[in-house]
J.: 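I'd like to ask you about the structure that follows.
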Amino acid sequence: MSQCPTSLELHLMNWIAPTASFLEILLLLYVAMIDIATRLIRNEICLVLALLGIAGQFASPMQVTESLIVATILLLLLLVIYQRGWIGGGDVKLLVALAIGLPLMGVIQLLTITALAGGVLALVHLMMRLLPYPKLAPAGSSLVRRVYAIERWRNLRHAPLPYGVAIACGGIWTVFSQGL
């Protein structure tokens with residue numbers, strides 16, 4: 001005997017996925033800002049993103065299973081890249097956390113958009129080398145000026161790119177394309 005979902009269950013399923021997607025987008029915006037400021041991606045944020053991804057697919061256990069398999073394969077591939085020093089640990093965590101909520105094609109889209117956004121990010125940082133070194137941003141300076149001064153200083157010291165920004169762009173794009 002099969003059970004048909006009640007109207008209450010259908011109603012819950014109809015708002016869970018959009019709410020999870022909206023919260024993912026907010027968290028990804030936060031991740032981008034924090035990554036610019038600190039170059040760190042917190043474990044708690046990745047955990048919440050992974051749980052939101054699962055919640056967004058809660059109506060289909062088969063999709064959750066596919067998503068977990070794809071995320072596991074991605075984790076194994078990213079660990080090899082991480083061991084070679086080509087990507088940071090926070091970036092691995094963030095990509096895998098996002099992959100947990102996506103089907104295979106969604107993960108491919110995430111990686112593609114992230115790579116494109118990462119290319120733009122790298123170009124911006126290369127172009128920053130051509131710009132004059134700013135004086136310290138005095139108290140009361142605009143946020144843009146303060147960020148520019150700090151990023152230019154980091155750029156001169158060959159600090160790593162805030163690749164969480166590119167991952168956040170890829171994640172936001174993919175979440176929107178999956179349907180909010």
J.: Report the residues that fulfil side chain to side chain donor-acceptor pair (under 3.5 Å) with Glu44, sequence neighbours left out, ordered by chain and then residue number.
T.: Arg42
J.: Shared ILVMFWY cluster between Trp153 and Leu40, side chains joined below 4.5 angstrom?
T.: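 No; Leu40 is not reachable from Trp153 via cluster members.
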J.: For Thr19, check side chain to side chain contact (heavy atoms under 4.5 Å, CB included) against everything at least two apart and list the hits.
T.: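 With neighbours one apart ignored, the set is Trp15, Leu23.
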J.: Could you go through residues 159-174 and list every donor-acceptor pair under 3.5 Å that involves a side-chain atom there, pairing it with any protein atom two or more places apart or in another chain?
T.:
from	atom 1	to	atom 2	distance (Å)
Tyr163	OH	Thr114	O	3.4
Thr174	OG1	Leu110	N	3.4
Thr174	OG1	Gly170	O	2.7

J.: Can you run down the side-chain hydrogen bond (donor to acceptor under 3.5 Å, both in side chains) pairs that involve residues 96-105, sequence neighbours left out, and say none if there aren't any?
T.: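 Matches after skipping sequence neighbours: none remain.
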J.: Partners of Leu47 by side chain to side chain contact (heavy atoms under 4.5 Å, CB included), sequence neighbours excluded?
T.: Leu51
J.: Can you pull out every salt bridge (Lys or Arg N to Asp or Glu O under 4.0 Å) where at least one residue sits in residues 117-132? Sequence neighbours excluded, please.
T.: none
J.: List for me each residue that meets side chain to side chain contact (heavy atoms under 4.5 Å, CB included) alongside Ile34, sequence neighbours excluded, and say none if there are none.
T.: Tyr30, Thr38
J.: Side chains of residues 115-128: which donor-acceptor pairs under 3.5 Å do they make with residues two or more places apart or in other chains?
T.:
from	atom 1	to	atom 2	distance (Å)
His125	ND1	Asn155	ND2	3.3
His125	NE2	Glu151	OE1	3.3

J.: List, one per line, each side-chain donor-acceptor pair under 3.5 Å for residues 93-102, sequence neighbours excluded.
T.:
from	atom 1	to	atom 2	distance (Å)
Lys93	NZ	Ile41	O	3.0
Lys93	NZ	Asn43	OD1	2.4

J.: Would Ser177 and Gln109 count as a side-chain contact (heavy atoms from CB on, under 4.5 Å) if you check the C-alpha gap in whole Å, the side-chain angles of each, and the deciding distance to 0.1 Å?
T.: CA-CA 9 Å; Ser177 71; Gln109 182 180 28; 2.8 Å; yes
J.: Return the CG to CD1 distance between Leu74 and Ile81, rounded to the nearest 0.5 Å.
T.: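 Output value for this atom pair is 8.5 Å.
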J.: Keeping to residues at least two apart or across chains, list the salt bridge (Lys or Arg N to Asp or Glu O under 4.0 Å) pairs with something in residues 66-91.
T.: none
J.: Examine Ile113 and Ile87 and state if one hydrophobic cluster contains both, with Ile, Leu, Val, Met, Phe, Trp and Tyr joined whenever side-chain heavy atoms are less than 4.5 Å apart.
T.: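 No: no chain of side-chain contacts under 4.5 Å links Ile113 to Ile87.
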J.: Quick check: closest heavy atoms across Arg154 and Ala37, and the distance to 0.1 Å?
T.: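 Minimum heavy-atom contact is NH2-O, 2.7 Å.
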J.: Is there a path of hydrophobic side-chain contacts, each under 4.5 Å between heavy atoms of I/L/V/M/F/W/Y residues, joining Leu79 to Trp86?
T.: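 Yes, Trp86 connects to Leu79 through the hydrophobic network.
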J.: Using a side-chain heavy atom cutoff under 4.5 Å and only I, L, V, M, F, W and Y, what cluster partners does Ile69 have?
T.: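 Same cluster as Ile69: Ile73, Leu77.
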